[in-house]
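Following: one structure in structure tokens, then a few remarks.
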Amino acid sequence: MNMPATKIEVETATPATTAAPVVAMTPKRAPRSEAYARMARETAVRVIPPLVVIALLMLVWELVCRRAGSALPPPSKVFKDTKELIVDPFFDHGGIDKGLFWHLSASLQRVALGYSLSAIAGIALGVLVGQSVWAMRGLDPLFQVLRTIPPLAWLPLSLAAFRDGQPSAIFVIFITSIWPIIINTAVGIRNIPQDYRNVAAVVQLNPLEFFAKIMIPAAAPYIFTGLRIGIGLSWLAIVAAEMLIGGVGIGFFIWDAWNSSHISEIILALFYVGIIGFVLDRLIAGLGKIVTRGTATS
Amino acid sequence: MTAYLKLDHIDKIFTRGAATTEVLKDINLTIEKGQYVSIIGHSGCGKSTLLNIIAGLTTASTGGVLLENREVNSPGPDRAVVFQNHSLLPWLTVYENVRLGVDKVFARTKSRAERDAWVMHNLNLVQMAHARDKRPSEISGGMKQRVGIARALAMEPKVLLLDEPFGALDALTRAHLQDSVMALHQKLGNTILMITHDVDEAVLLSDRIVMMTNGPSARIGEVLEVPLARPRKRLELATNTTYLKCRQRVLEFLYERHRFVEAA
């Protein structure tokens with residue numbers, strides 16, 4: 001019974017193998033164009049819906065604000081009023097009469113400095129609080145109270161302490177963004193599995209090696225959550241702080257535009273602030289992905 | 001009989017607030033060099049605690065562990081552990097996980113190139129050299145445990161401690177890995193102490209089986225010599241009378257002792 005069955009299989013198998021090279025040639029080209037098509041489709045799926053929504057919102061905005069006596073300008077007027085600022089962001093007429101690029105770059109520099117300081121201090125304090133029970137008992141209640149203080153409430157105090165706008169703004173960014181970094185780092189350190197500590201103990205890593213090779217990589221997903229919240233908060237704080245301290249910066253640009261009743265310029269500035277906040281957030285998220293190498297969850 | 005690893009009157013008492021629990025009571029055991037010893041007992045009998053004490057990850061309340069006549073009470077690479085859940089670091093590749101220990105243990109005695117070769121040698125021993133650049137999340141459970149074994153072996157431990165190394169694996173993978181460990185033991189002649197709750201595994205792999213009574217206050221109830229010649233073959237042993245007798249003996253111990261404690 002079995003014999004004829006196997007024979008048939010062998011017979012059908014031989015033509016299939018001879019035909020194989022011919023078959024193998026075609027699929028090689030097919031997947032590539034298919035892959036492009038799939039990529040195009042995926043991009044379209046992501047890009048088209050937000051574009052449609054934006055177009056609709058613009059249309060509503062235009063219709064609502066077009067009427068005579070409307071308090072806010074419609075998008076067409078915004079574009080017309082701010083065309084110069086959009087086209088040439090690099091002009092510099094001295095003082096605070098500069099292109100938007102200079103305002104944004106001044107704000108970004110303050111954020112970069114304040115945020116870097118808070119990242120370093122935040123991670124260090126987070127490690128301390130996460131690692132030592134006594135540090136946690138002593139410091140955690142303090143952190144929980146201090147972190148609820150709104151950013152701008154710090155500003156008068158820091159102006160009194162530093163007697164200058166620039167360091168005060170940086171301090172406000174620092175003090176605003178440090179809390180989520182500390183708290184998330186501490187949680188990450190506390191959640192390092194006992195297994196990893198055991199491995200480190202058996203291998204006899206010294207405290208420094210343990211910090212670099214186990215602690216930081218194990219807590220990295222948590223640390224980057226804190227860093228991401230922190231960068232968002234510092235961008236929130238800078239605009240508010242700059243409104244009060246004056247000088248070059250996007251916050252003061254907005255305040256200045258309001259004082260000169262240039263509502264269109266405010267709208268343009270808000271657009272830039274939103275875009276840059278989004279880019280900063282993505283930047284930290286991307287950095288986190290690279291550093292944790294996508295092993296965050298496992 | 002020369003004592004290589006000696007457990008000397010080990011007691012372990014856990015204290016939580018006012019409540020104290022005596023987990024281990026008066027554990028005495030000597031293990032010869034090159035022996036494969038299994039510790040078997042019901043879950044909760046403190047066998048993992050005992051292994052942690054030997055590894056130095058927990059300290060004994062009284063008594064101590066002697067390795068080559070010297071007391072050990074902190075963890076170290078001379079008593080490398082293969083953990084039940086492999087405990088590979090997920091952000092390192094297979095190679096880097098093994099290299100971590102090698103770099104520490106042989107920092108002074110081996111050059112960079114030698115350490116690299118030694119890592120690869122150990123990955124080859126467990127047939128994992130092909131996955132050197134993979135991360136733990138990209139390989140199967142059995143493969144992870146192989147890497148865990150390679151990491152422990154690469155530290156050239158005096159005693160290899162296996163903490164239920166095959167517990168989390170499916171039956172087929174477990175059998176395959178048991179054969180690998182047997183072959184490694186045959187080839188390298190390591191002294192191995194294994195925690196297990198699998199009777200067949202204990203009889204198949206061990207020279208001696210240490211049977212522990214139920215906790216609290218678990219102690220060594222009986223030590224059984226397994227006089228089976230090596231290399232052992234799983235299929236041949238299935239009908240071997242010595243094997244069956246040993247198996248019977250362990251089953252009887254666990255079964256009767258378990259019942260006795262419940263009645264008490």
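Note that this is a predicted model, so its numbers are computed, not measured.
- Considering all non-hydrogen atoms of both residues, A/Ala201 and B/Leu57 come closest at CB-CD2, 3.9 Å.
- Residue contact with chain B, scored on non-hydrogen atoms closer than 4.5 Å, involves the backbone and the side chain of A/Ala218 alike.
- Closest non-hydrogen pair, B/Phe83 versus A/Val202, comes out as CZ-CG2, 4.4 Å.
- To the nearest 0.5 angstrom, A/Ile214 atom CD1 is 5.0 Å from B/Trp91 atom CH2.
- Environment of CG in A/Leu208: sparse, with no more than 12 heavy atoms of neighbouring residues, nucleotides or ligands closer than 6.0 Å.
- Open room surrounds CZ on B/Arg70; 12 or fewer heavy atoms of other groups in view lie less than 6.0 Å from it.
- A/Lys213 contributes atom NZ, which lies 6.0 Å from atom CG of B/Asp103 (distance to the nearest 0.5 angstrom).
- Residue B/His176 qualifies as open at atom NE2: its count of foreign heavy atoms under 6.0 Å is 12 or below.
- Proximity to chain A is limited to the side chain of B/Asn85, based on heavy atoms less than 4.5 angstrom apart.
- Surrounding NZ of B/Lys6 are at most 12 heavy atoms belonging to other residues, nucleotides or ligands under 6.0 Å away.
- At least one donor-acceptor pair closer than 3.5 Å links the side chain of A/Gln204 to the backbone N or O of B/Pro75.
- Atom-to-atom distance recorded for A/Gln194:CD and B/Ser87:OG is 10.0 Å, nearest 0.5 angstrom.
- The two residues B/Leu88 and A/Tyr196 make their nearest non-hydrogen contact at O-CE2, 4.0 Å.
- The CG atom of A/Asn206 sits 4.5 Å away from atom NZ of B/Lys104, with the distance rounded to the nearest 0.5 Å.
- Contact annotation for B/Val81: both backbone and side-chain heavy atoms come within less than 4.5 Å of a heavy atom of chain A.
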